[in-house]
Structures are given as C-alpha cells and as structure tokens.
Amino acid sequence: MASAAAKQAPKNASKTTTGATGAAGVSGGPPIMPLASPLMGKKKKPFLGMPAPLGYVPGLGRGATGFTTRSDIGPARDANDPVDDRHAPPGKRTVGDQMKKNQDDDDEDLNDTNYDEFNGYAGSLFSSGPYEKDDEEADAIYAALDKRMDERRKERRELREKEEIEKYRMERPKIQQQFSDLKRKLAEVSEEEWLSIPEVGDARNKRQRNPRYEKLTPVPDSFFSKHLQSGENHTTVDPLQGLGGLNTPYPGSMTPGLMTPGTGELDMRKIGQARNTLMDMRLSQVSDSVSGQTVVDPKGYLTDLNSMIPTHGGDISDIKKARLLLKSVRETNPHHPPAWIASARLEEVTGKLQVARNLIMKGTEMCPKSEDVWLEAARLQPGDTAKAVVAQAVRHLPQSVRIYIRAAELETDIRAKKRVLRKALENVSKSVRLWKTAVELEEPEDARIMLSRAVECCPTSVELWLALARLETYENARRVLNKARENIPTDRHIWITAAKLEEANGNTQMVDKIIDRAITSLRANGVEINREQWIQDAEECDKAGSVATCQAVIRAVIGIGIEEEDRKHTWMEDADSCVAHGALECARAIYAHALQVFPSKKSVWLRAAYFEKNHGTRARRLLAKARSSAPTARVSFRGQFMRCVYTYFLAKQLVGLFVSLPLQVFMKSVKLEWVLGNIEAAQELCTEALKHYEDFPKLWMMRGQIEEQCESMDKAREAYNQGLKKCPHSVPLWLLLSHLEESVGQLTRARAILEKARLKNPQSPELWLESVRLEFRAGLKNIANTLMAKALQECPNSGILWAEAVFLEGRPQRKTKSVDALKKCEHDPHVLLAVAKLFWSERKITKAREWFLRTVKIEPDLGDAWALFYKFELQHGTEEQQEEVRKRCENAEPRHGELWCAESKHVLNWQKKTGEILAQVASKIKNTF
C-alpha cells in the first residue's frame, strides 16, 4: 500500500506542474499564483476542532488502511541486543526475551484445564480487544448491581460468617483457649509444687550452646610507635617550588626540639612497666599471698567499698555546686551562722567528718554569739572534745539554756549532771526548763525543796506549782494551790487540781463548790470558758480515777454556749465522743444530766439504757454488792430498773397523760415477774396487758406458757384458743397449741390443729415441717414422706423443708437429695447446715468443717448452726478450734434457731451468757443425724 501511494504521488505532481506551465504560457505574462483553497472563503465546518468519534480511522471510507513508518516502531534491533536496563533480572536482559514475555502475556490460555463448566475460562476471552466507552458503562452498571445485591445479602452473609467462625473455633480452638482452664488452676499450685517442677532441657544445638567468643588480640607497641611517627606535621616547604622568599625554612621547623625523645618519641617500655606497677599496687590492697595462692576476703572487700561510698543520695556534680555555693556564702557573709552549719552538714553527709568539724569550729570563731553554731559543734565533736566545746560556749553565752542542757546531757554521772544544772540555775534562775530538768534528777525530798525555790523564781509556771503540790502533804498542798491561784488567777488547771486533791482526801462535797468557784473566778478575770477544753479536762480526770471531779466539771460546763433547741443533740454527741475516748464516767454524767433536763424523752432513756448495757460496769458492781448483802433475794438491777419504768408510766397513766402503757413496757414487765418467779404478778400483768393489746400474739403465748409451767393444761389450751381467735395468722400460736395436745397424748387433735392451721396460713413451711415431724414421731414414716412431698410442692424454695427432707431419706439416697436441695436453695443456711451434718455422718471431717464454716458465715444469727458446729469440734477438733468457735459465737450473739431459742428463752436461763447457752445447747444434741 505504501508503494502504490508512492507511485501515485509523482503522477499527481507532474499534472499539477504541467497545468501551471501551460497557463503561464498562454497569458504570456508572469507566472500565475495558485488559487486559494476552496474552504478558505466558505463557512467553517462544524466538525473542525472537535475530537474524532470513537473508532474513527482517517481515510477508511475511501479505502485507505493507513501505514506504519520506522518512527512509529522505533529503530530496528536484533533479538540478541541487550535491553536498556542494565540491572534486568536473568531471562529479561535481551530484546528477544522481552518480546517473548510480552507475547506470552498477550496470548490467551484456552487450554481445557483452564475451562470451568460454570464460570468458563479463568481469564477474559476479550482481554485482547479494545476497551471502549460502552464497555466502561457496562462495567459500571454491573458493579452497581453487584453492590446492590451485596448490600441485600450483607446481614445474612455476616451472620453466616460469624457462625462459621464460631464453629471453626469450637472445632479448632487456639492453644491459648485449650490451656485456659489449666492456667486458672495455677492459682492453686503451692510453692512446694511449683519448686518441684523439673527444669526444661536446653533445646539449642551445639553451636548455640557453646558460642565462640570474640577473641581480642592486644596491639603491639611497635604499631603505636610507627603511627606516632607517621602522624607528625611537616612544616617545611619543598625547595623544588623555586618560589622566591620561601626558600628559607619556617621558623622553628628545623629546630631539634621536635625530634627529642620526650616529644617526638614515646618510650612504650616504661609505660608498660608503670601499668604493671599500678596493677600490682591495686591487687596488693585487696589480697594476701598464702602459699603461692591469692586469697581475697569478699566480705572485707565489700565493707571497704561501702566505706568509700558517701552516705548521700545526690550526684557528685550537685555536691560540688552546693559546696561552691556555700563557700561563696561564707566568704560573702562570714558572720552568718546558717552558712557554717549547712557547710558542716554537707561535708558530714558526704563522709568527710573531719572537714565538717574543722568548718564548724571555724564557724564558732566567726560567730561566737550563735547558740546554734555551738550546739552543732558539740554534736559533731567526740565526747571529751564536745565537753570542751560546750565549756567554751558557756563562756561566750552564759545565759543560754540550750547549751546548759546539752552540757548536762554530755555528762554520764548523775552527780556531774546535777552540778552542771545547779551551775546553770545560778546563772539562769528564771528558766522553767532548767528547773524541771534539775528536779527530775533529785529525790522526792530534795525535789520538794528545789520546787519551793523554783516557784519563787518562776511564780507564773503552773507546772512547777502543780508539781510542788503533788509532793506536799494535804494541808501544805492546799496552801501551795492557794498561792498558785493568787499568782496565776487565769489558769483552770490549778482549780481542777484543787478539786482532785479534795476528792483524793475524801472531801467529795467540796469538789462541786471548787469547780463552781473556778467558773466564777475565771469569768471575773476575763477568761472565756471553753466548753471543749473543760470536757477534755474532765476526760483526763476520768482516766486518772477522779470520778467526782470529772462529774462536777461535766455538770458545770455541759450547758455553756449551747442554744436551748440544740441541747439534746449536742449532749448526745458529747456522750458518744466520751465513750469513744474511753471516758465512761464522763458519758454517764452527761446522760444523767440529760435525763434530768429531758425526763420525758424516750430516745434519751434508750440511749442511756444501751450505754449501761454495753458499759454498765457500775451496775454489775451494784448487783454484786446487793447479792452479797442479801444472797436470798432474787432482785437484780435490771428488775429494779424495769419496775421503776413500769411505775413511771403507770403514774403518767393515772394523771391522764397516756391512754395506755407502751406495749414493750407491758411485755418486759410480764417477763420480769415471770423470770423472778412471781407467777401471780406475771399473770395479773398479762391479763392487764391483754385488755389493751389483745391482738398481740406474744402476750397470748406468754400467758399460755405460764399456765403450762403451772401445769394448768386446760387454762393453757384456753389461752391459746383465745389467742388464735384474735390472731389466726400467728404460726407460733398454732405450733404451741399443737405441742400442748401432743404432750397430753391427743395426737389426732394435734394433727387436726395443724391441718386447720395450714388452711388458715397456706404456704407456711413451719406448719408443714411440724406436720411431718408429728407423723415421724408417731412412727408413721410413710405418711411423713407423703406430707413432705406435698410440702415441697407447695413450698419448693423452703430451706427448712429441704433440710428435713434430706434426713427423711435412707442413707444411700441422702446425697442425691442434698444435691437437689442445693439446686433449689443454694444459699439457704438450713440446707448448708444439713449438708454439713451429712458429711459429719459420713465421717468426712474436713468437708464437714468447711460446710459448717460456710453456714455460720452466711447466717451468723442462726444459733443452731453454732451449737452443731461446737458439738462437732468437741468430738473431732482441738481445744484451739473449740475455743475459736466459742469466741466467734459470742461475738455473733445469735438470736434465732429452733434449738437455740428453746434454751435461750427459757425462764431459767435468762441470766446466762452466749457462751453458756452454746455449751448447754451442744450438750443436749444427742444424735445429729
């Protein structure tokens, strides 16, 4: 095609040339210019300047197919010519390799192995074709559709992927998950088991186990000598340069000074000898030669090292800076004592004690009137030298109390100390500190004489006056305190000491007068009465045993500075504060005063009663005295108190202030007369109480129990029946009536009473339990089991029923029943107690003890658990374990439990303590299973 175009081009050119020549020849004129293009004078075509449409090939409509020139394909290159990239990898370093690679990439793999029935060929069949705009639009549409469908299936796909991952993790868990339970069990491994684990063997190969260490060879001295000479500087100019004026050598360049052995050469032999000598000296300091062997004492070596380390935590540079700064301060102001003291202490902490002593002695010379400098010098100097320093300090400062005290401290002999202090008192007779120190060293008689002189020299010292009063007799002490009040009319301690003096000598009636006079006198002298300070003084008197003085102070100042509406609240807080500080008599005095001011406040009475209950040591002493004087009387302090309360409320009722007595007062009064043996008085009080509180079941129970004690079964039955009419939902009343009928042999009537009670009180586990036990005691075990099954259906979460059901079963079935009980009532104390008893019956001592501990920890108020635990320890435990259970029970003070209440609420045990009741209940437990 290119050759045809080339042939056509000369023909056209010849025709054009011929036509032009002919025209010129006809006209005979100058040659005619060629005409302009026909497009130049017409309107511009609309397609000019616009991009060609896609797929447009110029000349394709008139048969032209285009041609390619050398400039399009580049210069011709042989297949063996190297490529332009000099660093091309093997297989791509020649032009032929590159062409072969491109041809392989363009060829489509249409092999049968690359064909799939569903997806077709793995690659695109049209990848070699042109990628046009319509292809791009189609790809965009398909991409949008794929994205839309992907969003619709996203939730299901993510859920499916999550399930697949979880399933995969379950089938193939990680190693960390497989060993997680074993990791948790590591917490149970003891120290001995951990240490007994064998060490892991060394899995490294021989090269890793025995690495070849780097070998270093010392450089010979000749190497240093050679390079030292080669490194010399040459300062002469080459004479071949021929430059005028530079032929003369540089000044000093040719002098023999640079070639001397001291500067131009190094004697390496001498350096080696010096190095060996230094090493020998260091080794000789820390070693000794024994039979040709070197033995080093490591402890002594470390001790020497510790002695060389300064006892400070700062950096060396910081110490140097501080030393330089303090030196500047000393030189700038040499008469500044703190500079000398700081300098000495800096040297002391750095281990330079002698330098510190020299500095501080220099400071005494520069600041001879500074007390602190002399004391620091005495501290840093050793014994005898310190005494000399103090003596010199006394000559410069004869009025310094601290120096005299330091001088006395340096003396080891008592007589020398006394001599120093007496010399000090001659010079400084007004110092209270010197007098106190001197008096402490004297015997009582000599101390009294010295204090007589001390109060003359220091009449305003309260401590000296009080110390003298303590050493004097009663009459002389009164005179001393009177003189002290005259000299110091504004101090309260003198008045309080006078009151304590009168109390100690039996004049308790004078205590209140002295305290009242103290308040009046202090106010007259302009002293403000600080209520908190006086209460603190009262607490100190209480701790010192001066009870009357303590109470007098409380009565005198308890109402000072308090608003009327805040009195009750403030006084109760003061009482609590005194109890917290251990001043019980102060608290008792505050409660007594509060009861006088507020006789009708119930809360004040209760607070006072609780205080006496917890801290009533005086009440116990009174009770002991009453018993010793009248051993046959059965009247206690508590009985007197309750009778007083009863009489008080009864008097209020008579004058019309109350409609009826409080219920608690009635009940406690009945209980008091009952336990004291006054049965008739108890019955009368109970009858009177039931007139006002007939719907209170405890009163009916107490009345019936009193009748049972008197063996009046008919009256007891009547009392229970009347109580059930008024209180049909009281389960204890039904149980008492059932026990009464069973005790008289009326088993059928007891069974009927319990059935009626269950109808009145459905879902009551106590009634069901009593019905089961009634049948079991009657020997009807089958009926008992049937009732227990019904009970568990009606009350499936009752711990007492499940605990009873465990032991209704035979021994082989008890363990299964206990497992069912724990599933229903996992944290019920009765079920836990039943499991503990089960282990006890199987002789599993350790497990039984663990379950007993778990029971009393969950419910420490259950007395039955403590009693069974104590019984268990009595049989299988040591004395320490038994004592521990008893103490824990006393601290818990349990109040509930079937066995416990039967003993603790018995009228004969009303004065017994928790420990005694525990032993009594445990002794009555015969067969726990």
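No hydrogens, no waters, no symmetry mates; every other heavy atom, side chains included, goes into these values.
A salt bridge is defined here as a Lys NZ or Arg NE, NH1 or NH2 lying under 4.0 Å from an Asp or Glu carboxylate O, and Glu890 with Arg886 meets this definition. In this structure, Glu155 does not pair ionically with Arg157, as no charged nitrogen and carboxylate oxygen lie closer than 4.0 Å. Taking a cutoff of 4.0 Å between a charged side-chain nitrogen and a carboxylate oxygen, Glu898 and Arg773 qualify as a salt bridge. A salt bridge does not link Glu770 with Arg751: none of the charged nitrogens is closer than 4.0 Å to a carboxylate oxygen.
Shown here for Ile858 and Leu832, the closest heavy-atom pair between the two residues is CD1-CD1, 3.2 Å. Summarising the geometry of Ala867 relative to Val921, their closest heavy-atom pair is CB-CG1, 3.4 Å, with the distance given to 0.1 Å. Closest non-hydrogen pair, Leu792 versus Ala805, comes out as CD1-CB, 4.3 Å. For the pair Leu822 and Trp851, the tightest heavy-atom approach, listed with the atom from each and the gap, is CD1-CH2, 4.0 Å. Contact between Thr855 and Pro829 at its shortest, heavy atoms only, is CG2-O, 3.5 Å. The two residues Met170 and Pro173 have their closest heavy-atom pair at O-CD, 3.7 Å.
Here the side chain of Glu775 pairs no donor or acceptor atom with the backbone of Ile783 at under 3.5 angstrom. When atom types are taken as modelled, the side chain of Ser798 and the backbone of Cys795 share no donor-acceptor pair closer than 3.5 angstrom. Remark: the backbone N or O of Pro860 is paired with a side-chain donor or acceptor of Trp866 at under 3.5 angstrom. In this structure, the side chain of Asp135 engages the main chain of Glu132 through a donor-acceptor pair within 3.5 Å. At distances below 3.5 Å, not a single donor-acceptor pair connects side-chain atoms of Asp150 with backbone N or O atoms of Asp146. Ser738 places no side-chain N or O within 3.5 Å of a backbone atom of Leu735 that could act as its donor or acceptor partner.
Relative to the six-membered ring of Trp768, Arg758 meets both conditions, a distance below 6.0 Å and an angle of at most 45° to the axis. For the pair Lys837 and Phe807, the cation-pi criterion (under 6.0 Å, within 45° of the ring axis) is fulfilled.
For the pair Pro697/Pro732, no side-chain contact is recorded, criterion being any heavy-atom separation below 4.5 Å from C-beta on. Inter-residue side-chain proximity for Thr914 and Cys889 is flagged as met; some heavy-atom pair is nearer than 4.5 Å. In this structure the side chain of Asp820 never reaches within 4.5 angstrom of the side chain of Lys824, judged on heavy atoms. Val885 is not listed as a side-chain neighbour of Phe852, based on a closest heavy-atom distance of 4.5 Å or more. The closest side-chain heavy-atom distance from Glu755 to Leu759 is not below 4.5 Å. You'll find the side chain of Leu918 reaches within 4.5 Å of the side chain of Trp900, heavy atoms only. Side-chain contact between Leu853 and Arg888 is present, with at least one heavy-atom pair separated by less than 4.5 Å. Looking at heavy atoms from C-beta onward, Val772 lies in side-chain contact with Leu808 at the 4.5 angstrom threshold.
Annotation: His827, atom NE2; neighbour count of heavy atoms from other residues, nucleotides and ligands within 6.0 Å does not exceed 12. Other residues, nucleotides and ligands contribute at most 12 non-hydrogen atoms within 6.0 Å of the CD atom of Glu191.
Rounding to the nearest 0.5 Å places CG of Leu862 at 9.5 Å from NE2 of His896. The structure places CD of Glu161 at 10.5 Å from NZ of Lys154, a figure rounded to the nearest 0.5 Å.
There is no side-chain donor-acceptor pair under 3.5 Å between Trp802 and His830.
Looking at Trp840, Phe869, Phe839 one by one, the single match for side-chain contact (heavy atoms from CB on, under 4.5 Å) with Arg849 turns out to be Phe869.
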Yes or no on side-chain contact (heavy atoms from CB on, under 4.5 Å) for Ser841 and Arg811, after CA distance, side-chain angles and deciding distance? CA-CA 10 Å; Ser841 65; Arg811 284 186 177 270; 4.2 Å; yes
Please determine whether side-chain contact (heavy atoms from CB on, under 4.5 Å) holds for the pair Ser190 and Glu193, giving the CA-CA distance in whole Å, both sets of side-chain angles, and the decisive distance to 0.1 Å. CA-CA 5 Å; Ser190 63; Glu193 295 175 349; 3.2 Å; yes
Decide side-chain contact (heavy atoms from CB on, under 4.5 Å) for Trp734 and Leu724; before the verdict, give the C-alpha distance in whole Å, the side-chain angles of both, and the deciding distance to 0.1 Å. CA-CA 7 Å; Trp734 289 104; Leu724 288 173; 3.5 Å; yes
Check against side-chain contact (heavy atoms from CB on, under 4.5 Å), Thr786 and Lys790: CA-CA 6 Å; Thr786 304; Lys790 293 181 180 179; 4.2 Å; yes
